[in-house]
Amino acid sequence: MTDAALIKTFRVPARHGYAVEISPYFPSRVACATSQYYGIAGCGTLVVLEQTETGIHIFRSFDWNDSLFDVTWSENNEHVLVTGSGDGSLQIWDTAGPSGPLQVFKEHTQEVYCVDWSQTRGEHLVVSGSWDQTIKVWDPLVKDSLSTFRGHESVIYSTIWSPHIPGCFASAAGDHTLRIWDINTGGARIIIPAHQAEILTCDWNKYDQNLIVTGAVDCTLRCWDLRNIRQPVHHLAGHSYAIRRVKFSPFHASILASCSYDFSVRFWDVSKPDSVLETLEHHTEFVCGLDFSMHIPGQVADCAWDETVKIYIPSCLSVDR
């Protein structure tokens, strides 16, 4: 059981957390996209937090006039972040200064629910997914999107670049499908009817370019081998409400974490017959954001609608377990 004393908590008053991401440059820096009134109305705030020996402190805070639903750090500038908003726009922020966004991209016609900065060398692209059923790819230095991808038949909840294959990304949507796209061909390369329910999240394995995980409203996680998509290679059950976000560990090929509307965060090892490693129930509302640190093995950040961000190493991932 994870010791509550080892969990650092930061409260963001009157803001409900939607997404959290730990900086790829600074081990102590965490960004959280938040919204007023559970994202139904009101403004959004991007909160950039700094961990110190004495706790967690605000490094920067940026307000936007609509809800913020997702955040991603730049992979080529340690100060830059991108957020997606309820007004259909993407914002580029520079944490080196306190002022408003450097750039605003407005093409989507409904909520931008997911943004991700490309992981592969030589590419600096952002992918966004929207409730307008389209996906767009952007060069952050260019005002207009580079391309628009259509095919999903419902709202898009998750768009994630492959960490292995340049120009390749995955998307998950309310039409029950996981789709794999290639920016050079335009259409979906693979379409998987992954659940019989809305799929809210997906993530790529960091060690196997063919392995991807989905999480859905049916309370299950499913891992897919893209070379054989007839059935999942792993099926993980245990959550009691919709799974909002799933992330593979950057340090262990078989370990992943998920957070849910059941207020819990769960850690899994798909290499074990009993896959559940640990369940943490340290939030009192929907848990929406989740990320692993790429610097500190086992460290996790999460955020929830209970107005808190938590940073910790679960006991199941501590080095002395």
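All values below come from the heavy atoms of this structure, side chains included, with hydrogens, waters and symmetry mates left out.
When atom types are taken as modelled, the side chain of Asp306 and the backbone of Thr284 share a donor-acceptor pair closer than 3.5 angstrom. At distances below 3.5 Å, not a single donor-acceptor pair connects side-chain atoms of Ser67 with backbone N or O atoms of Gly86. Not a single donor-acceptor pair under 3.5 Å links the side chain of Arg245 to the backbone N or O of Val287. For the pair Asp70 (side chain) and Val115 (backbone), a donor-acceptor distance under 3.5 Å is present. Under a 3.5 Å cut-off, the side chain of Arg222 and the backbone N or O of Pro232 do not form any donor-acceptor pair. Judged purely by atom type and a 3.5 angstrom limit, Arg227 has no side-chain atom pairing as donor or acceptor with the backbone of Asn210. Side chain of Thr72 to backbone of Val82: no donor-acceptor contact under 3.5 angstrom is found.
In this structure, Glu21 CD and Arg29 CZ are separated by 14.0 Å, a value rounded to the nearest 0.5 Å. Distance check: Ile255 CD1 to Lys272 NZ gives 7.0 Å after rounding to the nearest 0.5 Å. Rounding to the nearest 0.5 angstrom, the gap separating the CG atom in Leu141 from the CG atom in Asn76 is 7.5 Å. Separating the NE2 atom in His283 from the OG atom in Ser260 is a distance of 12.0 Å, to the nearest 0.5 Å. Note that the CG atom of Asp262 and the CD1 atom of Ile243 stand 8.0 Å from one another [nearest 0.5 Å]. The CG atom of Asn65 lies 7.5 Å from the OG atom of Ser89; values are rounded to the nearest 0.5 Å.
Crowding of Tyr25 atom OH: a count of heavy atoms from other residues, nucleotides or ligands under 6.0 Å exceeding 12. Enclosure of atom NZ in Lys106 by more than 12 non-hydrogen atoms of other residues, nucleotides or ligands within 6.0 angstrom is indicated.
Residues Leu221 and Tyr241 fall into different hydrophobic clusters, defined by Ile, Leu, Val, Met, Phe, Trp and Tyr side chains chained together at heavy-atom separations under 4.5 Å. Placement of Val20 and Val12 within a single hydrophobic cluster is found when ILVMFWY residues are connected by side-chain heavy-atom separations under 4.5 Å, directly or transitively. Two different hydrophobic clusters hold Val265 and Leu256 under the rule that ILVMFWY side chains link at heavy-atom gaps under 4.5 Å. Trp73 and Leu102 fall into different hydrophobic clusters, defined by Ile, Leu, Val, Met, Phe, Trp and Tyr side-chain heavy atoms under 4.5 Å apart, directly or through other members. Taken together through direct or relayed side-chain contacts under 4.5 Å among Ile, Leu, Val, Met, Phe, Trp and Tyr, Leu125 and Val127 form part of one hydrophobic cluster.
Evaluation of the salt bridge (charged side-chain N to carboxylate O under 4.0 Å, His left out) test over residues 114-124, restricted to residues two or more places apart or in two chains, returns none. Judged as a salt bridge (charged side-chain N to carboxylate O under 4.0 Å, His left out), the pairs with a partner in residues 291-302 (not counting sequence neighbours) are, in order, Lys247-Asp291. Listed by first and then second residue, the salt bridge (charged side-chain N to carboxylate O under 4.0 Å, His left out) pairs involving residues 162-182 are Asp175-Arg179 (not counting sequence neighbours). Residue pairs meeting the side chain to side chain donor-acceptor pair (under 3.5 Å) criterion with at least one member in residues 156-165, sequence neighbours excluded, are Tyr157-Glu198. Applying the salt bridge (charged side-chain N to carboxylate O under 4.0 Å, His left out) rule to pairs touching residues 275-290 yields nothing, sequence neighbours excluded.
In this structure, a donor-acceptor pair under 3.5 Å is present between the side chains of Thr83 and Gln91. Between His234 and Ser275, the side chains place no donor N or O within less than 3.5 Å of an acceptor N or O (distance only, hydrogens not considered).
Ala242 and Cys219 make their closest contact through N-SG, 4.2 Å (heavy atoms, listed as atom of the first residue, atom of the second, distance). Residues Asp132 and Gln110 come closest through the heavy atom pair N-CB, 3.8 Å. Heavy-atom minimum distance, Phe248 versus Val213: CE1-CG1, 3.4 Å. Between Gln133 and Val155 the shortest heavy-atom distance is CG-N, 4.2 Å. Taking both residues in full, the closest heavy atoms of Trp117 and Val80 are given as CZ3-CG1, 4.4 Å, listed atom of the first, atom of the second, then distance. For the residue pair Ala253 and Asn205, the shortest heavy atom distance occurs at O-ND2, 2.7 Å.
Taking the six-membered ring for Trp and thresholds of 30 and 60 degrees, Trp64 and Trp93 have ring planes more than 60 degrees apart, a perpendicular arrangement. Tyr261 and Phe286 have parallel rings, their planes meeting at less than 30° on a 0 to 90° scale where 60° marks the start of perpendicular.
For the pair Ile311 and Leu49, the minimum side-chain heavy-atom distance is 4.5 Å or more. Ile22 places none of its side-chain heavy atoms less than 4.5 Å from the side chain of Met294. Under the 4.5 Å side-chain criterion, counting only non-hydrogen atoms from C-beta, Pro24 is in contact with Glu75. By the 4.5 Å heavy-atom criterion applied to side chains, Leu90 and His108 are counted as neighbours. At least one side-chain heavy atom of Trp138 sits under 4.5 Å from a side-chain heavy atom of Ser128. Between Ser130 and Ile156 there is no side-chain heavy-atom pair separated by less than 4.5 Å. Contact annotation: the side chain of Tyr312 approaches that of Leu280 to within less than 4.5 Å [non-hydrogen atoms, C-beta and beyond]. The closest side-chain heavy-atom distance from Tyr113 to Leu200 is not below 4.5 Å.
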Side chains of residues 165-174: which donor-acceptor pairs under 3.5 Å do they make with residues two or more places apart or in other chains?
from: Ser171; atom 1: OG; to: His152; atom 2: NE2; distance (Å): 2.6
from: Ser171; atom 1: OG; to: Trp181; atom 2: NE1; distance (Å): 2.7

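If you chain together ILVMFWY residues whose side-chain heavy atoms come under 4.5 Å of each other, Ile313 ends up grouped with Ile296. Alongside Ile191, the hydrophobic cluster contains no other residue (criterion: ILVMFWY side chains under 4.5 Å). The hydrophobic cluster containing Ile212, built from Ile/Leu/Val/Met/Phe/Trp/Tyr side-chain heavy atoms closer than 4.5 Å, also comprises Ile160, Leu178, Ile180, Ile190, Ile192, Trp204, Trp224, Leu226, Ile229.
Partners of Thr45 under the side chain to side chain contact (heavy atoms under 4.5 Å, CB included) rule, at least two apart in sequence or in another chain, are Arg15, Thr34, Val47, Ser61, Asp63. Applying the ring-ring contact (aromatic ring centres under 6.0 Å, His included) criterion to His176, with sequence neighbours excluded, gives no partner residue. In this view, Thr54 and Thr52, His57 satisfy the side chain to side chain contact (heavy atoms under 4.5 Å, CB included) rule, not counting sequence neighbours.
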Candidate pair Val71 and Tyr18, rule side-chain contact (heavy atoms from CB on, under 4.5 Å), full reasoning: CA-CA 9 Å; Val71 61; Tyr18 264 88; over 6 Å; no

